[in-house]
> 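Below is the structure I would like to discuss, written out as structure tokens.
Throughout, residue positions are numbered sequentially from 1 according to the sequence presented. In this text, all values refer to a predicted model and were calculated from it rather than measured experimentally. All values below were derived from every heavy atom in this structure, side-chain atoms included, with hydrogens, water molecules and symmetry-related copies excluded.
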Amino acid sequence: MTKILNLRDKPELLETLAQWHQGEWSQLNPGETLEQRIIRMQSFLNDKLIPSTYISYDTVLYGSAAIVENDMDNRPDLSPWLASVFVNPEYRGKGIGSALVRHVMQQAQQSNIEKLYLYSPDKETFYHKHGWRRIDTENYHGCEVSIMEADLTSWKPATVETCN
């Protein structure tokens with residue numbers, strides 16, 4: 001069974017995670033190099049909730065999810081954000097992404113955060129299953145994305161088993 005840990009407890013995994021994120025989302029962060037991403041992600045290795053990254057890990061790294069102050073430079077009115085939800089392709093479909101999303105939502109809820117936001121070019125159905133609703137759509141760096149919101153004041157986490 002995988003565990004969800006804060007990346008600060010396994011900082012040696014940051015570079016691998018940054019490589020995964022760069023490969024998946026570099027088009028949404030135009031001009032940001034892998035080295036810049038690594039430097040930016042190092043700021044997540046702290047004792048604060050925002051920013052922080054959580055990882056699914058046992059003897060291997062399965063995936064990640066983060067909470068950040070802002071994830072869209074053109075939407076400073078929305079904060080904080082669920083970001084960087086990624087599962088290594090060979091482990092997808094096993095509930096790991098769902099567990100990571102629920103974990104970040106629980107952390108935010110326990111810190112009295114009332115709403116979380118995210119954007120996604122293609123996973124709206126996945127997030128809808130976790131209580132998120134679309135509040136807008138827009139073209140972001142050449143990609144059509146859904147902007148979604150989770151109301152944590154009424155959210156109750158469902159329990160779903162994750163398996164390897």
> Verify, without hydrogens or angle tests, whether Q22 (side chain) and E32 (backbone) share a donor-acceptor contact under 3.5 angstrom.
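Between the backbone of E32 and the side chain of Q22 there is a qualifying donor-acceptor contact (under 3.5 Å).
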
> Measure across L17 and L7 and return the closest heavy-atom pair with its distance rounded to 0.1 Å.
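Distance-wise, the nearest heavy atoms are CD2-CD2, 4.1 Å.
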
> Less than 3.5 Å apart, any donor N or O on the side chain of T153 or E114 sitting next to an acceptor on the other?
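There is no such pair (donor and acceptor under 3.5 Å, judged by atom type) between the side chains of T153 and E114.
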
> Write down the atom of R102, the atom of W155, and the distance for their closest heavy-atom approach.
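For R102 and W155, the tightest heavy-atom pair comes out as O-CH2, 3.7 Å.
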
> Quick one: do I39 and I50 end up in the same hydrophobic cluster if we chain Ile, Leu, Val, Met, Phe, Trp and Tyr together by side-chain heavy atoms under 4.5 Å apart?
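I39 does not cluster with I50.
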
> If I compare all heavy atoms of F86 with all of W20, which pair ends up nearest, and what's the gap?
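That would be CE2-CE3, 3.3 Å.
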
> Looking at D73, is its backbone amide N or carbonyl O close enough to the side chain of Y140 to form a donor-acceptor pair, meaning the two atoms are under 3.5 Å apart?
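It does hold such a pair.
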
> If we only count heavy atoms from C-beta on, is the M105 to H103 side-chain gap below 4.5 Å?
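They are not in side-chain contact.
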
> Does the side chain to side chain contact (heavy atoms under 4.5 Å, CB included) test come out yes or no for D136 and R75, once each step is laid out?
CA-CA 11 Å; D136 204 354; R75 294 303 300 260; 3.1 Å; yes

> Is there a donor-acceptor pair under 3.5 Å between the side chain of R8 and the backbone N or O of N46?
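Such a contact is found between R8 side chain and N46 backbone.
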
> Assign the ring pair W81 / Y119 to parallel, tilted or perpendicular, where the plane angle (0 to 90°) is split at 30° and 60°.
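Geometry flag for Y119 against W81: perpendicular rings.
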
> Using a strict 4.0 Å threshold on nitrogen-to-oxygen distance, state whether R37 and E35 make a salt bridge.
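Here R37 does not pair with E35 in a salt bridge, since their nearest N and O are not under 4.0 Å apart.
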
